[in-house]
Amino acid sequence: MSVSTGTVPVATITLSAIEQSKRLAAYTAVDKHILPEHKVIGIGSGSTVPYVVERIVAQGRELNKDRVFIPTGFQSKELIVMSSLNLGDVDQFPTIDVTIDGADEVDLDLNCIKGGGACHLREKVLAEAAKTFIVVADYRKNAEYLGTNFTPGVPVEVVPFAYAQVLRKLHSVLGSPNATLRMAKAKAGPVVTDNSNFVIDAPFPREMMMDPSTILAKIKMLTGVVEVGLFCNMAQAAYFGNEDGSVTVKRKVESKVVEESILPS
Ligand SMILES: O=C(CO)[C@H](O)[C@H](O)COP(=O)(O)O
């Protein structure tokens, strides 16, 4: 079975160190969290998630035939369908057993920046709907504070007619003078989300990023904002694949985050 990352099938290429790290994180998280009793599973977006699906498919048809998989957007819907898994939607299944998703960056408290792929509205709905929300990423995403390595800023999904007004407020009131409308790469004009909205990327100074819940609350209050790519106090665990073949696991234990290492076997 080979899962497509876009145009090149994963199984037929030699993986770079970063791709190997993504795969390691994804495989480890699936092995720990996607158990036979889990029947409704949320599938996130991004370049790490195909490895999640690959590992789930490897659990076999017998386990997967009674499961339903909920996508966070166009990409994961394609992935589910192409992998011959059962497709559902969150309006049919508002309670999800486990959602596994990627992240752009994760801090010491398991807060995440998400939305590098402009899917964070649906990703947040599926994270909230899940009894367990798990993040998978390569080592570059494991940071002390949000905004350390991921510098474009906090992704903010806005309804199109409100974007200029939201930008103005971000610049002049909320402390993000360099916030910009995200432009498309292979299309003239802005990125348009799966929900037909625009995305603003709003970088904040480090001292503000040390308190992501406060930024989240302030941006969310702006009229026209649909969702903010700050996922605060949502993830139960994050798995980071490392270059040396180990996996760093950060997980919540009685509201504290503990870190452990799974060494290569
Ligand atoms: O939030 C996301 C999309 O909106 C992705 O999960 C995030 O960008 C991580 O992607 P990748 O696995 O490619 O690093």
Side-chain angles (χ1 to χ4, degrees), residues 3-8 10 15-30 41-55 70-80 90 98-107 110-128 130 133-143 146-158 182 184-185 190-202 212 216 226-232 234-235 237-243 247-248:
V3 172
S4 173
T5 50
T7 52
V8 187
V10 169
L15 297 180
S16 70
I18 288 172
E19 288 302 312
Q20 287 186 41
S21 305
K22 290 178 187 179
R23 184 174 67 179
L24 188 59
Y27 280 18
T28 308
V30 169
I41 296 163
I43 300 294
S45 306
S47 59
T48 313
V49 160
Y51 299 116
V52 169
V53 173
E54 191 174 65
R55 193 62 161 183
I70 318 294
T72 48
F74 181 88
Q75 179 221 356
S76 47
K77 183 177 173 184
E78 290 281 290
L79 204 50
I80 292 165
V90 70
V98 186
T99 291
I100 303 192
D101 201 347
D104 297 301
E105 200 155 54
V106 184
D107 75 7
L110 287 180
N111 299 312
C112 306
I113 296 184
K114 289 186 50 55
C119 300
H120 52 286
L121 168 59
R122 286 176 191 237
E123 289 174 338
K124 200 177 265 193
V125 171
L126 264 66
E128 276 183 7
F133 174 52
I134 303 296
V135 170
V136 288
D138 64 77
Y139 52 91
R140 299 169 303 169
K141 315 294 183 70
N142 185 5
L146 298 180
T148 305
N149 298 318
F150 186 77
T151 51
V154 176
V156 181
E157 181 161 347
V158 291
R182 190 183 298 179
K185 293 266 159 56
V191 164
V192 178
T193 69
D194 289 346
N195 319 299
S196 306
N197 294 316
F198 292 170
V199 176
I200 289 170
D201 291 304
L216 167 60
V226 181
E227 196 46 79
V228 182
L230 287 170
F231 286 41
C232 299
M234 298 187 81
Y239 288 74
F240 304 96
N242 297 315
E243 282 174 296
V247 178
T248 300

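Atoms within a ligand are numbered from 1 in the order they appear, just like the ligands themselves. Hydrogens, waters and symmetry mates are skipped; everything else that's a heavy atom, side chains included, is used.
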Is there a side-chain contact between D101 and L126 in this structure, where contact means two heavy atoms from C-beta onward sitting under 4.5 Å apart?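 With C-beta onward as the side chain, the pair stays apart.
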Less than 4.5 Å apart, any side-chain heavy atom of D201 and any of V154? no
Residues that T248 engages under side-chain hydrogen bond (donor to acceptor under 3.5 Å, both in side chains), provided they are two or more places apart: N242
For the residue pair E157 and T193, confirm or rule out a side-chain donor-acceptor distance under 3.5 Å.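 Yes, side-chain donor-acceptor contact under 3.5 Å.
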What residues, two or more places apart in sequence or in another chain, satisfy side-chain contact (heavy atoms from CB on, under 4.5 Å) together with V191?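 Checked V191 against side-chain contact (heavy atoms from CB on, under 4.5 Å); matches are A118, R182, A184.
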With the criterion set at N/O pairs under 3.5 Å, what does the list of contacts between the protein and ligand 1 look like, atom names and distances included?
from	atom 1	to	atom 2	distance (Å)
ligand 1	1 (O)	K114	NZ	3.0
ligand 1	1 (O)	G115	N	2.8
ligand 1	1 (O)	E123	OE1	3.0
ligand 1	1 (O)	E123	OE2	3.4
ligand 1	4 (O)	G115	N	3.4
ligand 1	4 (O)	G117	N	3.2
ligand 1	4 (O)	A118	N	3.4
ligand 1	4 (O)	C119	N	3.1
ligand 1	4 (O)	E123	OE1	3.3
ligand 1	4 (O)	E123	OE2	3.3
ligand 1	6 (O)	S45	O	2.9
ligand 1	6 (O)	D101	OD1	3.4
ligand 1	6 (O)	G102	O	3.4
ligand 1	6 (O)	K114	NZ	3.0
ligand 1	8 (O)	D104	OD1	2.6
ligand 1	8 (O)	D104	OD2	3.4
ligand 1	12 (O)	S47	N	3.3
ligand 1	12 (O)	T48	N	3.1
ligand 1	12 (O)	T48	OG1	2.6
ligand 1	13 (O)	S47	N	2.7
ligand 1	13 (O)	S47	OG	2.5
ligand 1	14 (O)	K141	NZ	2.5

Ring pair (Phe, Tyr, Trp, His ring centres under 6.0 Å) partners of F198, counting only residues at least two apart: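 In terms of ring pair (Phe, Tyr, Trp, His ring centres under 6.0 Å), with neighbours along the sequence ignored, F198 is linked to Y163.
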